[in-house]
Amino acid sequence: METDANPPPDVDRPPAAAAPPGLGVAEPTADAPASDVAAVLKNQFGHDAFRPMQQRIVADALAGRDVFVILPTGGGKSLCYQLPAVVSRQRAITDGEVPGVTVVVSPLIALMQNQVDVLRANGVAAAFLNSTLDLQELHEHEQAAIKGELDLVYLAPERLMTPNGQRWLSRVPVARFAIDEAHCISEWGHDFRPEYRQLGDLRSALDGRFADVPIMALTATATPRVADDIVRQLNLRQAALHRGGFERTNLTYEVRPKQRVVEQTLTYLREHPDDEGIVYCQSRAKCEQIAQKLKQAGVEALPYHAGLTAEVRDANQHAFIFGDARVVVATIAFGMGVDKPDVRFVFHADLPRNLEAYYQETGRAGRDGLPARCVLFYSGGDRSKVEFFINQKPDATEREHAQQQLAEMVRYCHTTACRTKVVLAHFGEDLEGECGHCDNCLEPPRVRDVTEDARKLLSAVARTGQRFGLSHVIDVLRGSASQKVLSRGHHELSVHGIGKDDPAGHWRAVAEHLIAEGFLVQTPDEYRTVTLTPESKPLLKGDVGVEMPVSRAMREKAAGARRPATTNIELSDGDHALFESLRQLRKRLADEQGVPPYVVFGDAALQQMAAERPADESQFLAISGVGQTKLQRYGPVFLEAIAAHS
Ligand code: ADP
Ligand code: ZN
């Protein structure tokens, strides 16, 4: 795939000559945010500080510029338009002007609902317009926007661009347009939506009434082709480009040998009783099967795949987001609508299609900035399976492309180097040093020299004429007297029995490693014949050696990942008990209000409460995640619970 230039993490990319014409310079802005901006950040959003890049994005937006935000999932994009929405409206009111409304275009009803729930819980005036509302509510929200009573109004592009939508829009005092998931406008992206295309008319529609209203486009898609397309399609003007580094410092990336995924998952769930997460599989049948097995073991697990009816899918997704299901076992059908910030793990029970998909899927973990784990369960058999499917593709170019992607994915699994580096390199980003939050960094793999074994194996392949599959080669190595071995006369070869001291599993592992490293290839047909490669010769001659990582068991504890804005607090047992009871309180309040638990408070806020045990309102307000509205709404009951526990 194409990749962007290498912007250092968290630094705005300078306007290189190659920048698309619609992009301008991201102005350096003052070090400290304006005082009203800082006040709104804490009072309305409960955040003590900006995440990297947010401050300058907000300043550019408030300066009335078009802004283009490219930040990874969990980077905090929503705040970039939500905070300016509140601040501009407050400023207008102070200045006696008509307060403007920020019109947010969002692709999915579920996303709008979640965002608006969170905003309202923080006392922000927000509403959405979509088909889940009855006519009365719809009318009320439309009127509120027309009267300038809302900070933000959310709607889908297809509603905005209809004649009705345009008639409504012509009466709204629009402060700014925010186009969320802006890559949906591009056919080059992974999630093209034709409805988004119509947004290209936003600036010319209604006789150019909104020609000068600033637009903010936001996406987590990093490819330059898509970025250029977004700028062009939306007619952005000298937009300030803010592109973040794509490293997710709070995610631990791990690869584990795939043995019994259900057992491995259950072990993890038992050791991390608070964690909720996603298990991705390739097939519908496997989703059902794993979900079923987890359920039998007492875990609230639900399947999610395209074979289920829309109702069941919605219900299962809802249960997960609202904390009524702990695990979703899903195919790739489960994705964009999932705005749950406290997904603590993303496991892959099967090999993902490619690194991009893997990055996207694991990106759903830890949006709240707390540590989360991404584990890929890998087996060489999976690689063969994917290869088999690739070879069914009739188109040669497509086949080649898929093979390349698979090879990259396999290299990621086999590497003993920093995994984050491998992933970021794929996106054209050069990570300096090592990440410190992948398994290879945290626990450098023990390697063993397998040169001798590799040579035995390659010799066996050569001596049997490069005409057999792995099983037969291994049978010969281990001195089998099977019918097949005898009938070919392979018991008379010098290699017969030279590997009898090691189990077949060992030889298979060595072979898989040699295949991943390019010392052996397997034919793509059903016979899976293994043959030598140009790399084999130097190894056979003893000019080069091979090392193989000794496979690791599932790690006991989540690794101490480097942390960004928030810190995961190590809770003592007593604090943990309080954290548990605060979680229950949160769930009860959330259920009463019909919102997901994280709308009440995020895990980070609860952890901080459990550790610091605020005793009065001012101490409660000092908790990160507590703003004025939440102080008033939840302060008393949480303070009481904390006092009762202490
Ligand atoms: P994105 O849309 O980029 O994936 P979100 O806007 O959903 O990310 O933000 C991810 C999480 O980060 C949310 O839970 C949000 O409350 C939190 N967050 C955003 N900005 C801050 C901040 N400045 N301080 C602390 N948490 C933040
Ligand atoms: Zn690393």
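Indexing begins at 1, ligand by ligand and atom by atom, following the structure's order. Values in this document were obtained by computation on a predicted structure and should not be read as measured data.
- In terms of polar-atom proximity, Lys77 is counted as a contact of ligand 1, with an N or O under 3.5 Å from an N or O of the ligand.
- Arg176 forms no cation-pi arrangement with Tyr81, by the criterion of a distance under 6.0 Å to the ring centre and an angle within 45° of the ring axis.
- Nearest-heavy-atom check against atom 14 (O) of ligand 1 across Gly369, Gly75, Ala604, Pro341 picks out Pro341.
- Close approach of ligand 1 to Ala49 is summarised as follows: ligand atoms under 4.0 Å from at least one heavy atom of the residue are 22 (C), 23 (N), 24 (N).
- For ligand 1 and Thr73, the ligand atoms under 4.0 Å from any heavy atom of the residue are 4 (O).
- In this structure, Lys340 is not positioned above the aromatic face of Tyr598 in the sense of NZ or CZ being under 6.0 Å from the six-membered ring centre and within 45° of the axis.
- Shown in contact with Ser78 at under 4.0 Å from a heavy atom are these atoms of ligand 1, numbered in order with element: 2 (O), 5 (P), 6 (O), 7 (O).
- Thr219 OG1 to Arg243 CZ: the interatomic distance, rounded to the nearest 0.5 Å, is 10.5 Å.
- An angle of 110° is found at the Zn ion (ligand 2) between Cys418 atom SG and Cys441 atom SG, rounded to 10°.
- Between Glu434 and Lys421 there is no salt bridge, since no side-chain N of the basic residue sits under 4.0 Å from a carboxylate O of the acidic one.
- The aromatic ring centroids of Phe334 and Tyr304 lie less than 6.0 Å from each other.
- Of all atoms in ligand 1, numbered sequentially from 1 with element shown, those under 4.0 Å from a heavy atom of Pro72 are 3 (O).
- Defined by atom type and a distance below 3.5 Å, a donor-acceptor pair is missing between the side-chain atoms of Gln405 and Glu356.
- When each atom of ligand 1 is checked for a heavy atom of Phe50 under 4.0 Å away, the hits are 23 (N).
- For the Zn ion (ligand 2), the N/O/S atoms of Cys438 include one lying under 2.8 Å.
- Two rings, from His348 and Tyr358, have their centers less than 6.0 Å apart.
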